[in-house]
Protein chains: 6
Amino acid sequence: MPVITIETTPLTGEQKEQLITGFTKVASEVTGLPASTIIVVIHEPPADNFGVGGAQLSKMQH
Amino acid sequence: MPVITIETTPLTGEQKEQLITGFTKVASEVTGLPASTIIVVIHEPPADNFGVGGAQLSKMQH
Amino acid sequence: MPVITIETTPLTGEQKEQLITGFTKVASEVTGLPASTIIVVIHEPPADNFGVGGAQLSKMQH
Amino acid sequence: MPVITIETTPLTGEQKEQLITGFTKVASEVTGLPASTIIVVIHEPPADNFGVGGAQLSKMQH
Amino acid sequence: MPVITIETTPLTGEQKEQLITGFTKVASEVTGLPASTIIVVIHEPPADNFGVGGAQLSKMQH
Amino acid sequence: MPVITIETTPLTGEQKEQLITGFTKVASEVTGLPASTIIVVIHEPPADNFGVGGAQLSKMQH
């Protein structure tokens, strides 16, 4: 049942796989629930779509 | 006011329409609120972005 | 894998059950995915926590 | 149609009203959409439920 | 710590910047928290992916 | 900037701390971003509010 969602700028296929494996392992160990019940959803808005401290992330990365 | 969000792998235009109609009908009937107050938002991350049981959905579909 | 979330003001136990059954049925029929893969999450913020057209829902209900 | 959600530690009734009014005004001005189409949802998890830099917010506030 | 998310149909770069600046200003003023702690995330599903009153937004815009 | 949200049934304070630490570690290692930029939000709806396969989680736990 636990559903884990991450908002992050675009990732590689390998990074997505590592996030899914890592988050599922942590959630299963902490809650005691079987990994099979755990869902991970990755959202990848572009840096333009993130604001930190009132500025666009895309403008902070130059 | 009810806001319904679904995370699902990419759909056809027709499927989106059916989900919007169906979810709105259920929510209106159960809550007694008019359909006009009900919002549905569909997120369509690719199968790579979903993890089930620690594995990427895209790797489970082969 | 589909995850359906609803934001709505507090409901009865029976209403929650009906939403879960109804949303799962619609999602399974439209996507063709088995019901067993479908997760529903219900959030019940109080009416104070909803804004519609710039006003608190709690102030619109009197 | 725009739906704005904020995750923040518990607020007063007055603060909620101000957030709803302020967010709706900004969204309407920027998108050109009428305020009546804009929904705001406020989630108020306790400080224990927030992590910043790997630590619980509740532990950072002492 | 406050995280503000908006679901809206696609925007221009300038509109995103204005939303980020505006939401951060409102949230900082209302909560008293420094702007540097405030995160904004913008989701831009297409009009096909929004339902209002049981109909697709894309079909209401013609 | 990454924001990680988990939907799970109520947890102990210690479990929350472990989830925050664990998720932040995984996200930092995989993305290469400093832990200080990573936010975790924990939502704890009751078991009544979760549906799995069309049934309420609370009814599956007896």
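Residue numbers begin at 1 in each chain, while the letters A, B, ... track the order of the sequences.
- Across all non-hydrogen atoms, the minimal contact from E:Ile20 to A:Gln56 is CD1-CG, 3.5 Å.
- Between chain A and the residues E:Ala35, E:Gly13, E:Ala27, the largest count of heavy-atom pairs under 4.5 Å involves E:Ala35.
- Of the two parts of E:Ile39, the backbone and the side chain both hold a non-hydrogen atom closer than 4.5 Å to a non-hydrogen atom of chain A.
- A:Pro45 approaches E:Ile42 most closely through the heavy-atom pair CB-O, 4.0 Å.
- Chain A forms the most heavy-atom pairs under 4.5 Å with one residue out of E:Val41, E:Thr5, E:Thr37, and that residue is E:Val41.
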